[in-house]
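Here the structure is a predicted model, which is why all the values come from computation and not from measurement. Protein chains get the first letters and strands the later ones, always in sequence-line order, with residue 1 at the start of each.
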2 protein chains.
Amino acid sequence: MKKQPVTIYTVAHEANVSMATVSRVVNGNTNVKPETRDKVLEVIKRLNYRPNAVARGLASKKTTTVGVVIPQITDGYFAELAAGIDDVAAIYKYDMILTSLDTVEQQPVQVIQSMLAKQVDGIIFMGHDLSDDLKKEFDNSAIPVLVSGSVVDDDSLPSVRIDYRQATKDSVNFLAQHGHQKIGLLVGYDQTPINAQNRIPAYQEALEAQGLVFDPANVFVGHDNYQESYQLAQQILDQGITALFVSDDLMAAGVLNALTDLGKKVPDDFEIIAGNGTATAQLTRPMLTTISQPMYDLGAVSMRLLTKMMTEGAGEDEELNVVMNHELVERQTTRADQ
Amino acid sequence: MKKQPVTIYTVAHEANVSMATVSRVVNGNTNVKPETRDKVLEVIKRLNYRPNAVARGLASKKTTTVGVVIPQITDGYFAELAAGIDDVAAIYKYDMILTSLDTVEQQPVQVIQSMLAKQVDGIIFMGHDLSDDLKKEFDNSAIPVLVSGSVVDDDSLPSVRIDYRQATKDSVNFLAQHGHQKIGLLVGYDQTPINAQNRIPAYQEALEAQGLVFDPANVFVGHDNYQESYQLAQQILDQGITALFVSDDLMAAGVLNALTDLGKKVPDDFEIIAGNGTATAQLTRPMLTTISQPMYDLGAVSMRLLTKMMTEGAGEDEELNVVMNHELVERQTTRADQ
DNA sequence: GTGAAAGCGCTAACAT
DNA sequence: ATGTTAGCGCTTTCAC
């Protein structure tokens, strides 16, 4: 079925109206006589006309497409966020160009430049690190950008997230209450703002508030990797640590399984709290006690906010930082009694 | 920093050449005198010119964007496929519009129509079901479409996948070898082609080849859902089943954990083989024995093949069905000895 | 309420 | 090797 494309002109011609009128009915403009509208609609249906979004984008300077940057598409935490974004995007008729940061071939800057070249109407950045190059790209672009599910260095960018400092403190306090003297911290990377400026300082503060000593040697880095975290378990044990807060569920599963394989009893010998509350937390045995984040909602709210910024051109300078609630969900890697 | 956009015309003017020449250097056309090229390049850099991909798309009728349809973005199996797709797409400078099928708001047909409206150059469909409406959309479109990580009803669409029938037989045979009389099957949905026409018939054939009886009551449906599969465990037990092949790792984890919670010993009392081999398989205790699929590669090959179809306009009628190898990886939900 | 016409920023013949 | 000139399919004033 070879088809020479049916354009707005074809429809206009067939319906004996002008392109402008067709455009009006397609875009729901009210200034069209009902009879005319019906006639046009009929022709559109008969010819199976579909507006070309590219042409529309060029003419209107809006693409109804948003760029979504994700650290890793297979990461359960960000996948949940993306699900929220995708759902809300669908509601508002936006499509999303999704790109992962961990591709071999592309630098983050290229990823963004490509999105910008495609004239996306906005960008949701899920990522832990914002290089100066990237920041410059964002600044130079006229479109809204927001950070979702993380925090980046400066607060120039609006964000939707939980309070990572408080979540860390809640966890450490909970563990300290159980009498642990050496409480460890396992994060993905220790230089990213979410950790360097939030979780690690909060960990230290909480420790000290509890009268415990902060020792940098008790902070471990697992690169958000299951295997690596699994390997780390022995070291953590060697350090004399008996309780651990882990920023990510997958890493937590790694040390939990390693501990079990090493003959340790969790939570009797060792307690663990994981920081995300993804589906993974319920897969392990024992199930992971977690700080549970409203991941889907974080994504949904992000996209909702972005649509607002895109349509109302809001936000240039008004600081938009939505901080959602987290909660500590006790499962089986912490002791029930105090 | 308000900016009136710098276009190809701005550059041409500033460099004292024509738009055509600028276009040539931007597109790497060799027919440009080196000095001219350098001059243009200098201006491009100085003005920070970035080609507008939308305008380019309209003029060239190529968007270097592909549509990727995924059943659920949080599904580990498809996420792995998507990772492969994304990586290869980056290599070939394609962006991907990713849409999940499980959004509340959108019908599959709308998802596709939106992609088509955006003039994607090709579509990778990861999904188990192809309605007639969808098929019609694909047929009417001039772009290549391929199915990845699944099979759909008719074979009109090229696909990249493993041999699901053989994988099922391998699993059933393995289990039968261990002397089980009642081997069950747990799939996501029993009406999708991948199950209705592949796994279920293969299950039956393998059973009968082993002299065992096929009983439809031993085929369970878990909707690719962990909780639902967890609940199903008791029923499966009640059926007198002692070994199970599960199409998806997450569902397998569900029955495995339920069985453990019910006091059953896996693999001593019950054996399980899961069908995907995602990261989840190694998270559970005991770890899941799986049919392992080269998920990343399936995605990568899909995208590679699609680029070929997009550039060479290949594939209209030549049947392209890439079938990759799977293997049975023994972990801990099956017995080591025979 | 409807039409005419001028772009949107670029590519792609076709000239030269 | 470079410039000219049409479009690509649509939106959007501005008239009528």
A.B. asks: Can you tell which of dG7(D), dT4(D), dC10(D) lies closest to the side chain of Ile8(A)?
C.D. replies: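 Of the options given, the side chain of Ile8(A) lies nearest dC10(D).
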A.B. asks: Donor-acceptor pair, Asn29(A) side chain versus Asn31(A) backbone, under 3.5 Å?
C.D. replies: yes
A.B. asks: Rounded to whole angstrom units, what separation is found between the NZ atom of Lys118(B) and the C1' atom of dC10(D)?
C.D. replies: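 These atoms are roughly 15 Å apart.
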A.B. asks: Which nucleotide sits closest to the side chain of Lys33(A): dT2(C), dA4(C), dC10(C)?
C.D. replies: dT2(C)
A.B. asks: I need the CZ-P distance between Arg56(B) and dC10(D), as an integer number of Å.
C.D. replies: 21 Å
A.B. asks: For the side chain of Ala20(A), starting at C-beta, report the closest nucleotide among dG3(C), dT4(D), dT11(D).
C.D. replies: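 From the listed options, dG3(C) comes nearest.
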A.B. asks: Does Asn29(B) reach a base, just sugar-phosphate, or nothing at all? Heavy atoms under 4.0 Å.
C.D. replies: nothing
A.B. asks: Nearest to the side chain of Asn52(A), which nucleotide is it out of dG9(D), dG3(D), dC10(C)?
C.D. replies: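 It is dG9(D).
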A.B. asks: Among the nucleotides dG9(C), dT2(C), dT2(D), which one has an atom lying closest to any side-chain atom of Arg24(A)?
C.D. replies: dT2(C)
A.B. asks: Measure from the side chain of Thr7(A), starting at C-beta and using heavy atoms only, and say which of dT2(C), dG9(D), dG9(C) lies closest.
C.D. replies: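 My answer, after comparing the listed nucleotides, is dG9(D).
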A.B. asks: Judged by atom type as modelled, is there a donor-acceptor pair below 3.5 Å linking the side chain of Lys118(B) to the main-chain atoms of Ile97(B)?
C.D. replies: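 It does not hold such a pair.
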A.B. asks: Check for a donor-acceptor pair, side chain of Gln110(B) on one end and backbone N or O of Gln107(B) on the other, with a separation under 3.5 Å.
C.D. replies: yes
A.B. asks: How close or far is atom P of dG9(D) from atom NZ of Lys62(B), stated in whole angstroms?
C.D. replies: 13 Å
A.B. asks: Before accepting this row, confirm whether a basic side-chain N of the pair Arg50(B)/Glu137(A) lies closer than 4.0 Å to the acidic partner's carboxylate O.
C.D. replies: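 Yes, charged N to carboxylate O under 4.0 Å.
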A.B. asks: Measure CE/Met19(A) against C1'/dC8(C) and give the value in whole Å, please.
C.D. replies: 13 Å
A.B. asks: I'd like to check Leu101(A) versus Val69(A) (side-chain heavy atoms, cut-off strictly below 4.5 Å). Are they in contact?
C.D. replies: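 Counting from C-beta outward, Leu101(A) and Val69(A) do come under 4.5 Å.
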A.B. asks: Taking 4.0 Å as the cut-off, does a side-chain nitrogen or oxygen of Thr36(B) come that near to OP1 or OP2 on dT2(D)?
C.D. replies: yes
A.B. asks: Check Glu35(A) with Lys39(A), please: is the shortest side-chain N to carboxylate O separation under 4.0 Å?
C.D. replies: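 Salt bridge flag = no for Glu35(A) with Lys39(A).
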A.B. asks: So what does Ser23(A) touch, heavy atoms closer than 4.0 Å: a base, only the sugar-phosphate, or nothing?
C.D. replies: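 The residue Ser23(A) makes base contact.
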A.B. asks: Looking for any heavy atom pair under 4.0 Å, which part of the strands does Val17(B) touch: base, sugar-phosphate only, or nothing?
C.D. replies: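 The answer is sugar-phosphate, as Val17(B) gets under 4.0 Å only of primed atoms, P, OP1 or OP2.
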A.B. asks: Is the phosphate of dG7(D), meaning OP1 or OP2, less than 4.0 Å from a side-chain N or O of Tyr9(A)?
C.D. replies: no
A.B. asks: Would you please confirm or rule out a distance under 4.0 Å between OP1 or OP2 of dG3(D) and any side-chain N or O of Thr21(B)?
C.D. replies: yes
A.B. asks: Would you mind telling me which of dG9(C), dT2(C), dT11(C) lies closest to the side-chain atoms of Lys61(A)?
C.D. replies: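 Looking only at heavy atoms from C-beta outward on Lys61(A), the closest nucleotide is dG9(C).
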A.B. asks: dT4(D), dT2(C), dG9(C): which one has an atom nearest the side-chain heavy atoms of Leu58(A)?
C.D. replies: dG9(C)
A.B. asks: As a test of reading the structure: which of dG9(D), dT2(D), dT11(C) is closest to the side chain of Pro5(A), going by heavy atoms?
C.D. replies: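 Closest nucleotide to the Pro5(A) side chain: dG9(D).
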A.B. asks: Select from Pro34(B) and Val54(A) the residue whose nearest nucleotide in DNA chain D is closer to the 5' end of that strand.
C.D. replies: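 Taking each residue's closest nucleotide, the earlier one in sequence belongs to Pro34(B).
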A.B. asks: So what does Asn31(A) hit on the nucleic acid, given a heavy-atom distance under 4.0 Å: a base, only sugar-phosphate, or nothing?
C.D. replies: base
A.B. asks: In whole angstrom, give the distance that lies between atom NZ of Lys39(A) and atom P of dG1(C).
C.D. replies: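 After rounding, the gap between these two atoms is 15 Å.
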A.B. asks: For Arg37(B) and dT2(D), give me the distance from atom CZ to atom C1', rounded to whole Å.
C.D. replies: 13 Å
